[in-house]
Number of protein chains: 2
Amino acid sequence: MYEDWAEQFRLLGDATRLRILMLLHVRDACVCELAALLPVSQPAVSQHLRRLKQAGLVVEYRQKAWVFYRLRPDVPEHIRRWLTDVPVDPGDAGWLRDHHVGTVCAVPDSAGPMPVGQTQT
Amino acid sequence: MYEDWAEQFRLLGDATRLRILMLLHVRDACVCELAALLPVSQPAVSQHLRRLKQAGLVVEYRQKAWVFYRLRPDVPEHIRRWLTDVPVDPGDAGWLRDHHVGTVCAVPDSAGPMPVGQTQT
DNA sequence: CCAAGGCATAAGGATATGCTAATATGCTAA
DNA sequence: TTAGCATATTAGCATATCCTTATGCCTTGG
(Lines give C-alpha, C1' and ligand atoms only; values in the text may rest on other atoms or scores of the structure.)
Protein backbone atom coordinates (compact mmCIF):
# COMPACT_ATOMS: atom_id res chain seq x y z
CA MET A 1 0.00 0.00 0.00
CA TYR A 2 1.48 3.28 -1.14
CA GLU A 3 -0.32 5.15 1.62
CA ASP A 4 2.09 3.74 4.19
CA TRP A 5 5.09 4.87 2.20
CA ALA A 6 3.58 8.24 1.47
CA GLU A 7 3.03 8.70 5.18
CA GLN A 8 6.68 8.05 5.87
CA PHE A 9 7.68 10.64 3.31
CA ARG A 10 5.14 13.04 4.77
CA LEU A 11 6.73 12.57 8.17
CA LEU A 12 9.94 14.08 6.78
CA GLY A 13 8.03 16.61 4.71
CA ASP A 14 8.01 19.39 7.27
CA ALA A 15 11.01 21.67 7.68
CA THR A 16 10.77 21.94 11.45
CA ARG A 17 10.32 18.21 11.96
CA LEU A 18 13.13 17.40 9.55
CA ARG A 19 15.37 19.87 11.33
CA ILE A 20 14.63 18.24 14.66
CA LEU A 21 15.59 14.89 13.22
CA MET A 22 18.86 16.27 11.89
CA LEU A 23 19.58 17.87 15.26
CA LEU A 24 19.01 14.57 17.02
CA HIS A 25 21.28 13.01 14.46
CA VAL A 26 24.08 15.17 15.88
CA ARG A 27 23.30 14.44 19.51
CA ASP A 28 20.46 13.80 21.92
CA ALA A 29 18.61 16.89 23.01
CA CYS A 30 15.87 17.81 25.43
CA VAL A 31 12.70 19.67 24.59
CA CYS A 32 13.80 22.95 26.11
CA GLU A 33 16.97 22.98 24.03
CA LEU A 34 15.05 22.38 20.84
CA ALA A 35 12.47 24.98 21.79
CA ALA A 36 15.26 27.46 22.46
CA LEU A 37 16.93 26.88 19.11
CA LEU A 38 13.94 26.53 16.85
CA PRO A 39 11.70 29.42 15.82
CA VAL A 40 8.57 27.74 17.16
CA SER A 41 6.96 27.40 20.55
CA GLN A 42 7.61 24.62 23.04
CA PRO A 43 4.23 22.96 22.44
CA ALA A 44 5.00 22.86 18.73
CA VAL A 45 8.24 21.03 19.49
CA SER A 46 6.42 18.61 21.77
CA GLN A 47 3.87 17.86 19.10
CA HIS A 48 6.52 17.13 16.49
CA LEU A 49 8.37 14.90 18.92
CA ARG A 50 5.19 13.03 19.68
CA ARG A 51 4.65 12.31 16.00
CA LEU A 52 8.23 11.18 15.62
CA LYS A 53 7.90 8.97 18.67
CA GLN A 54 4.67 7.42 17.45
CA ALA A 55 6.31 6.76 14.11
CA GLY A 56 9.08 4.94 15.93
CA LEU A 57 11.86 7.30 14.89
CA VAL A 58 12.81 8.59 18.33
CA VAL A 59 12.71 7.51 21.95
CA GLU A 60 12.61 9.57 25.10
CA TYR A 61 14.32 9.22 28.45
CA ARG A 62 14.31 11.38 31.53
CA GLN A 63 17.44 13.06 32.85
CA LYS A 64 17.10 15.26 35.90
CA ALA A 65 14.29 17.62 35.19
CA TRP A 66 14.33 17.20 31.43
CA VAL A 67 13.07 14.80 28.84
CA PHE A 68 15.69 13.94 26.28
CA TYR A 69 15.00 12.55 22.86
CA ARG A 70 17.26 10.44 20.74
CA LEU A 71 17.09 8.82 17.36
CA ARG A 72 16.12 5.19 17.71
CA PRO A 73 19.12 3.04 16.89
CA ASP A 74 16.87 0.64 15.03
CA VAL A 75 15.22 3.17 12.75
CA PRO A 76 14.17 1.45 9.50
CA GLU A 77 17.12 1.13 7.17
CA HIS A 78 15.57 3.07 4.33
CA ILE A 79 14.61 6.02 6.52
CA ARG A 80 18.15 6.21 7.86
CA ARG A 81 19.34 6.34 4.26
CA TRP A 82 16.89 9.10 3.39
CA LEU A 83 18.11 11.16 6.33
CA THR A 84 21.70 10.54 5.35
CA ASP A 85 21.00 12.32 2.06
CA VAL A 86 20.08 15.49 3.93
CA PRO A 87 23.08 17.59 4.98
CA VAL A 88 23.28 18.73 8.58
CA ASP A 89 23.10 22.48 9.02
CA PRO A 90 26.55 23.54 10.24
CA GLY A 91 24.99 26.28 12.32
CA ASP A 92 22.76 23.82 14.11
CA ALA A 93 25.64 21.43 14.70
CA GLY A 94 27.70 24.29 16.08
CA TRP A 95 24.90 25.39 18.36
CA LEU A 96 24.61 21.90 19.79
CA ARG A 97 28.35 21.87 20.37
CA ASP A 98 28.45 25.23 22.07
CA HIS A 99 25.47 24.78 24.34
CA HIS A 100 24.40 22.33 26.97
CA VAL A 101 21.20 21.96 28.88
CA GLY A 102 22.29 23.94 31.91
CA THR A 103 23.26 26.87 29.77
CA VAL A 104 20.07 26.98 27.84
CA CYS A 105 17.34 25.95 30.21
CA ALA A 106 18.60 27.37 33.47
CA VAL A 107 17.81 24.87 36.17
CA PRO A 108 19.37 23.27 39.25
CA ASP A 109 22.98 22.44 38.52
CA SER A 110 24.57 21.60 35.22
CA ALA A 111 24.31 18.26 33.52
CA GLY A 112 24.12 16.90 30.04
CA PRO A 113 22.77 13.65 28.76
CA MET A 114 24.74 10.67 29.92
CA PRO A 115 22.59 7.78 28.80
CA VAL A 116 24.78 4.82 27.95
CA GLY A 117 28.45 4.13 28.38
CA GLN A 118 29.90 7.50 29.16
CA THR A 119 31.82 8.87 32.10
CA GLN A 120 30.93 12.17 33.66
CA THR A 121 33.39 14.94 32.77
CA MET B 1 17.73 25.15 4.03
CA TYR B 2 15.63 22.28 5.33
CA GLU B 3 12.53 23.71 3.66
CA ASP B 4 13.82 22.62 0.27
CA TRP B 5 14.44 19.09 1.46
CA ALA B 6 11.12 18.94 3.25
CA GLU B 7 9.42 19.98 0.04
CA GLN B 8 11.03 17.12 -1.80
CA PHE B 9 9.81 14.66 0.80
CA ARG B 10 6.38 16.25 0.67
CA LEU B 11 6.33 15.69 -3.07
CA LEU B 12 6.49 11.94 -2.43
CA GLY B 13 4.21 12.22 0.57
CA ASP B 14 0.94 11.63 -1.26
CA ALA B 15 -0.22 8.11 -2.07
CA THR B 16 -1.67 8.98 -5.47
CA ARG B 17 1.37 10.96 -6.56
CA LEU B 18 3.75 8.31 -5.30
CA ARG B 19 1.76 5.66 -7.13
CA ILE B 20 1.98 7.65 -10.35
CA LEU B 21 5.74 7.85 -9.96
CA MET B 22 5.98 4.11 -9.42
CA LEU B 23 3.78 3.50 -12.47
CA LEU B 24 6.01 5.69 -14.61
CA HIS B 25 8.93 3.76 -13.20
CA VAL B 26 7.53 0.68 -14.93
CA ARG B 27 6.83 2.41 -18.24
CA ASP B 28 5.73 5.68 -19.78
CA ALA B 29 2.02 6.32 -19.61
CA CYS B 30 -0.44 8.89 -20.86
CA VAL B 31 -2.91 10.80 -18.76
CA CYS B 32 -5.93 8.82 -19.85
CA GLU B 33 -4.28 5.57 -18.84
CA LEU B 34 -3.44 6.88 -15.41
CA ALA B 35 -6.91 8.33 -15.03
CA ALA B 36 -8.38 4.96 -15.98
CA LEU B 37 -6.31 3.05 -13.46
CA LEU B 38 -6.32 5.41 -10.52
CA PRO B 39 -9.33 6.05 -8.31
CA VAL B 40 -9.29 9.79 -8.97
CA SER B 41 -10.55 12.04 -11.73
CA GLN B 42 -8.57 13.04 -14.80
CA PRO B 43 -8.02 16.61 -13.59
CA ALA B 44 -6.59 15.25 -10.36
CA VAL B 45 -4.10 13.21 -12.38
CA SER B 46 -3.21 16.25 -14.45
CA GLN B 47 -2.58 18.31 -11.36
CA HIS B 48 -0.30 15.71 -9.86
CA LEU B 49 1.61 15.43 -13.12
CA ARG B 50 2.01 19.17 -13.25
CA ARG B 51 3.54 19.20 -9.80
CA LEU B 52 5.88 16.39 -10.74
CA LYS B 53 6.84 18.19 -13.93
CA GLN B 54 7.51 21.46 -12.13
CA ALA B 55 9.65 19.58 -9.64
CA GLY B 56 11.66 18.20 -12.53
CA LEU B 57 10.78 14.57 -11.92
CA VAL B 58 8.91 13.89 -15.16
CA VAL B 59 8.76 15.14 -18.72
CA GLU B 60 5.92 15.04 -21.23
CA TYR B 61 5.78 14.33 -24.94
CA ARG B 62 2.93 14.08 -27.39
CA GLN B 63 2.08 10.87 -29.20
CA LYS B 64 -0.94 10.88 -31.51
CA ALA B 65 -3.75 12.34 -29.51
CA TRP B 66 -2.21 11.67 -26.13
CA VAL B 67 0.29 13.26 -23.81
CA PHE B 68 2.71 10.77 -22.37
CA TYR B 69 4.74 11.25 -19.26
CA ARG B 70 8.02 9.65 -18.40
CA LEU B 71 10.42 9.77 -15.51
CA ARG B 72 13.23 12.15 -16.27
CA PRO B 73 16.42 10.19 -16.81
CA ASP B 74 18.36 12.79 -14.86
CA VAL B 75 16.23 12.80 -11.74
CA PRO B 76 18.38 13.81 -8.76
CA GLU B 77 20.37 10.87 -7.52
CA HIS B 78 18.94 10.88 -4.01
CA ILE B 79 15.34 10.98 -5.18
CA ARG B 80 15.97 8.03 -7.44
CA ARG B 81 17.32 6.19 -4.40
CA TRP B 82 14.28 7.07 -2.34
CA LEU B 83 11.98 5.76 -5.02
CA THR B 84 14.02 2.58 -5.29
CA ASP B 85 13.18 1.85 -1.67
CA VAL B 86 9.47 1.76 -2.51
CA PRO B 87 8.29 -1.56 -3.97
CA VAL B 88 6.26 -1.47 -7.16
CA ASP B 89 2.70 -2.73 -6.77
CA PRO B 90 2.54 -6.01 -8.73
CA GLY B 91 -1.05 -5.30 -9.65
CA ASP B 92 -0.13 -1.95 -11.15
CA ALA B 93 2.78 -3.45 -13.04
CA GLY B 94 0.48 -6.15 -14.39
CA TRP B 95 -2.10 -3.63 -15.45
CA LEU B 96 0.49 -1.69 -17.39
CA ARG B 97 1.59 -4.91 -19.07
CA ASP B 98 -1.90 -6.02 -19.99
CA HIS B 99 -3.17 -2.71 -21.31
CA HIS B 100 -2.13 -0.25 -23.93
CA VAL B 101 -3.45 3.15 -24.86
CA GLY B 102 -5.77 1.98 -27.61
CA THR B 103 -7.44 -0.50 -25.29
CA VAL B 104 -7.99 1.93 -22.49
CA CYS B 105 -8.71 5.25 -24.09
CA ALA B 106 -10.55 4.20 -27.25
CA VAL B 107 -9.36 6.50 -29.98
CA PRO B 108 -8.52 6.43 -33.70
CA ASP B 109 -6.39 3.40 -34.37
CA SER B 110 -4.14 1.56 -31.97
CA ALA B 111 -0.74 2.73 -30.95
CA GLY B 112 1.43 2.61 -27.88
CA PRO B 113 4.26 4.84 -26.85
CA MET B 114 7.25 4.57 -29.14
CA PRO B 115 9.50 7.28 -27.82
CA VAL B 116 13.11 6.34 -28.41
CA GLY B 117 14.74 3.46 -30.23
CA GLN B 118 11.84 1.15 -30.90
CA THR B 119 10.28 -0.19 -34.08
CA GLN B 120 6.57 -0.17 -34.62
CA THR B 121 4.97 -3.61 -34.11
C1' DC C 1 -14.07 23.52 -41.30
C1' DC C 2 -16.20 20.44 -38.03
C1' DA C 3 -16.88 17.05 -34.48
C1' DA C 4 -14.91 14.29 -30.81
C1' DG C 5 -11.99 13.21 -27.41
C1' DG C 6 -7.69 14.02 -24.53
C1' DC C 7 -5.78 17.24 -21.55
C1' DA C 8 -5.15 21.59 -18.80
C1' DT C 9 -6.94 25.06 -15.98
C1' DA C 10 -10.07 27.43 -12.70
C1' DA C 11 -13.11 27.58 -8.90
C1' DG C 12 -14.94 25.75 -4.82
C1' DG C 13 -15.20 22.71 -0.88
C1' DA C 14 -13.65 19.25 2.57
C1' DT C 15 -9.99 17.83 5.16
C1' DA C 16 -5.25 17.83 6.98
C1' DT C 17 -1.57 20.25 8.93
C1' DG C 18 1.17 23.27 11.85
C1' DC C 19 1.14 26.94 14.82
C1' DT C 20 -0.08 29.64 19.22
C1' DA C 21 -2.21 30.52 23.66
C1' DA C 22 -4.04 28.51 27.62
C1' DT C 23 -3.94 24.97 30.70
C1' DA C 24 -2.84 20.54 32.95
C1' DT C 25 0.59 17.37 34.57
C1' DG C 26 4.91 15.83 36.48
C1' DC C 27 9.63 16.30 38.55
C1' DT C 28 12.91 18.39 41.37
C1' DA C 29 14.78 20.61 45.11
C1' DA C 30 14.30 22.61 49.40
C1' DT D 1 4.47 19.84 51.06
C1' DT D 2 5.32 23.50 48.23
C1' DA D 3 7.25 26.44 44.71
C1' DG D 4 9.14 26.46 40.23
C1' DC D 5 10.28 24.90 35.93
C1' DA D 6 9.89 21.38 32.07
C1' DT D 7 6.85 19.06 29.39
C1' DA D 8 2.34 17.43 27.56
C1' DT D 9 -2.22 18.32 26.12
C1' DT D 10 -6.18 20.95 24.45
C1' DA D 11 -8.68 24.23 21.75
C1' DG D 12 -8.84 27.30 18.12
C1' DC D 13 -7.15 29.42 13.99
C1' DA D 14 -4.79 30.09 9.47
C1' DT D 15 -3.11 27.90 5.73
C1' DA D 16 -2.01 24.08 2.67
C1' DT D 17 -3.50 20.18 0.29
C1' DC D 18 -6.24 17.24 -2.55
C1' DC D 19 -10.32 16.36 -4.59
C1' DT D 20 -14.46 17.30 -7.85
C1' DT D 21 -17.14 19.85 -11.23
C1' DA D 22 -17.21 23.01 -14.91
C1' DT D 23 -15.01 24.75 -18.67
C1' DG D 24 -11.58 26.03 -22.35
C1' DC D 25 -7.85 24.64 -25.46
C1' DC D 26 -5.62 21.66 -28.67
C1' DT D 27 -5.05 17.83 -31.71
C1' DT D 28 -6.85 14.35 -34.66
C1' DG D 29 -9.53 12.44 -38.39
C1' DG D 30 -13.10 13.08 -41.65
Side-chain angles (χ1 to χ4, degrees), chain A residues 2-3 6-7 9-20 28-55 58-69 100-113, chain B residues 2-3 6-7 9-20 28-55 58-69 100-113:
Chain A
Y2 288 116
E3 184 51 50
E7 191 170 338
F9 283 117
R10 232 178 1 250
L11 191 68
L12 309 185
D14 175 82
T16 300
R17 200 156 48 234
L18 182 58
R19 191 175 176 191
I20 289 176
D28 299 3
C30 70
V31 179
C32 69
E33 288 180 295
L34 297 173
L37 173 59
L38 299 172
V40 297
S41 66
Q42 172 267 316
V45 173
S46 265
Q47 286 160 11
H48 282 304
L49 288 170
R50 178 168 42 159
R51 263 192 80 168
L52 294 174
K53 187 175 67 175
Q54 284 175 167
V58 304
V59 289
E60 57 175 285
Y61 60 91
R62 304 199 69 101
Q63 194 82 2
K64 300 260 185 185
W66 312 290
V67 177
F68 278 80
Y69 283 83
H100 54 93
V101 199
T103 306
V104 177
C105 302
V107 228
D109 52 284
S110 65
Chain B
Y2 288 116
E3 184 50 50
E7 190 172 338
F9 283 118
R10 227 169 15 240
L11 191 68
L12 309 185
D14 175 81
T16 300
R17 201 157 48 234
L18 183 57
R19 191 175 176 190
I20 289 177
D28 299 2
C30 71
V31 179
C32 69
E33 288 180 295
L34 297 173
L37 173 59
L38 299 172
V40 297
S41 66
Q42 172 267 315
V45 173
S46 266
Q47 287 160 9
H48 282 303
L49 288 170
R50 175 162 45 138
R51 263 192 80 165
L52 294 174
K53 188 175 67 175
Q54 285 177 166
V58 304
V59 290
E60 58 174 286
Y61 59 92
R62 303 199 68 102
Q63 193 82 2
K64 300 261 186 185
W66 313 289
V67 177
F68 279 81
Y69 283 83
H100 55 93
V101 198
T103 306
V104 178
C105 302
V107 228
D109 53 284
S110 65

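As a basis for the values below, the full set of heavy atoms in this structure was taken, side chains included, without hydrogen atoms, waters or symmetry mates.
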Trainee: What is the pairing partner of C:dA30, taking Watson-Crick or G-U wobble pairs with both distances under 3.5 Å in any strand?
Mentor: D:dT1
Trainee: Taking 4.0 Å as the cut-off, does a side-chain nitrogen or oxygen of B:Arg62 come that near to OP1 or OP2 on D:dC26?
Mentor: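 For D:dC26, neither OP1 nor OP2 has a side-chain N or O of B:Arg62 closer than 4.0 Å.
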Trainee: Are A:Cys32 and A:Cys105 within a span of less than 2.5 Å, counting SG to SG?
Mentor: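 Yes, A:Cys105 links to A:Cys32 through a disulfide.
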Trainee: With a 3.5 Å limit on both atom pairs, tell me what D:dT27 is paired to, counting Watson-Crick and G-U wobble, or say none.
Mentor: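 Base-paired to C:dA4.
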Trainee: Could you state the CZ-P distance from A:Phe9 to C:dA16, rounded to the nearest angstrom?
Mentor: 21 Å
Trainee: May I ask you to verify if any side-chain N or O of B:Tyr69 is less than 4.0 angstrom from the OP1 or OP2 atom of C:dA8?
Mentor: yes
Trainee: Starting at CG of B:Leu34 and ending at C1' of D:dC19, how long is that distance when rounded to a whole Å?
Mentor: 17 Å
Trainee: Do the non-hydrogen side-chain atoms of A:Asp28 and A:Tyr61 ever get within less than 4.5 Å of each other?
Mentor: yes
Trainee: Look at the side-chain N and O atoms of A:Ser41 and state whether any lies under 4.0 Å from the OP1 or OP2 oxygen of C:dC19.
Mentor: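 No, because none of the side-chain N or O atoms of A:Ser41 sits under 4.0 Å from OP1 or OP2 of C:dC19.
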Trainee: May I have the distance from B:Gln47 (atom CD) to C:dG6 (atom C1'), rounded to whole angstrom?
Mentor: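 So the two atoms are 16 Å apart, to the nearest Å.
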Trainee: Give the nucleotide from the list D:dC18, C:dA8, C:dC7 with an atom nearest to the side chain of B:Ser46.
Mentor: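 My answer, after comparing the listed nucleotides, is C:dA8.
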Trainee: Side chain of A:Trp66: nearest nucleotide among C:dC19, C:dC7, D:dT7?
Mentor: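 It is D:dT7.
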Trainee: May I ask you to verify if any side-chain N or O of A:His48 is less than 4.0 angstrom from the OP1 or OP2 atom of C:dT17?
Mentor: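 Answer is no, no contact under 4.0 Å.
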Trainee: Across all strands, who's sitting opposite C:dT20 as a Watson-Crick or G-U wobble pair, both distances under 3.5 Å?
Mentor: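 Partner of C:dT20: D:dA11.
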Trainee: For C:dG18, does OP1 or OP2 lie under 4.0 Å from any side-chain N or O of A:Arg51?
Mentor: yes
Trainee: In whole Å, what is the span from the CZ atom of B:Arg10 to the P atom of C:dA16?
Mentor: 18 Å
Trainee: Go through C:dA29, C:dA11, C:dG6 for me and flag the one nearest to the A:Lys64 side chain.
Mentor: C:dA29
Trainee: Are side-chain heavy atoms of A:Val101 and A:Phe68 found at a separation under 4.5 Å?
Mentor: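 Side chain of A:Val101 against side chain of A:Phe68, heavy atoms only: contact under 4.5 Å found.
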Trainee: Measuring from the side chain of A:Pro43 (C-beta onward, heavy atoms only), which nucleotide among C:dA22, C:dA8, D:dC18 has the closest atom?
Mentor: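 Looking only at side-chain atoms, A:Pro43 lies closest to C:dA22.
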Trainee: Could you check how far CG of B:Leu11 sits from P of D:dA16, rounded to whole Å?
Mentor: 17 Å
Trainee: With no angle test and no hydrogens, is the base of D:dT7 tied to the side chain of A:Glu60 by a donor-acceptor pair under 3.5 Å?
Mentor: no
Trainee: Nearest whole Å is fine: how far is C:dC19 C1' from A:Arg17 CZ?
Mentor: 12 Å
Trainee: When the nearest nucleotide of DNA chain C is assigned to B:Cys30 and to A:Val40 on a heavy-atom basis, which residue is associated with the more 5' position?
Mentor: B:Cys30
Trainee: Give, for atom CD of A:Gln47 and atom OG of A:Ser41, the distance between the pair rounded to the nearest 0.5 Å.
Mentor: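 If we round to the nearest 0.5 Å, A:Gln47:CD and A:Ser41:OG are 7.0 Å apart.
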Trainee: Whole angstrom is fine here: how far is it from CG in A:Leu52 over to P in D:dA8?
Mentor: 12 Å
Trainee: Please state whether the phosphate of D:dC18, meaning OP1 or OP2, lies under 4.0 angstrom from any side-chain nitrogen or oxygen of B:Thr16.
Mentor: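 No, outside the criterion.
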Trainee: Please pick, from D:dT9, D:dC19, C:dT20, the nucleotide with the shortest atom-to-atom distance to any side-chain atom of A:Arg50.
Mentor: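 The answer is D:dT9.
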Trainee: Could B:Arg10 and B:Glu3 be called an ion pair, given the rule that one side-chain N must be under 4.0 Å from one carboxylate O?
Mentor: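 Salt bridge present between B:Arg10 and B:Glu3.
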Trainee: Taking atom types as they are modelled, is there a donor-acceptor pair under 3.5 Å from the base of D:dT21 to the side chain of B:Gln42?
Mentor: no
Trainee: Round to a whole Å and report the spacing from CG of A:Asp14 to P of D:dA16.
Mentor: 13 Å
Trainee: About how many Å separate CG of A:Leu49 and CD of A:Glu60, when rounded to the nearest 0.5 Å?
Mentor: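 The CG atom of A:Leu49 is 8.5 Å from CD of A:Glu60, to the nearest 0.5 Å.
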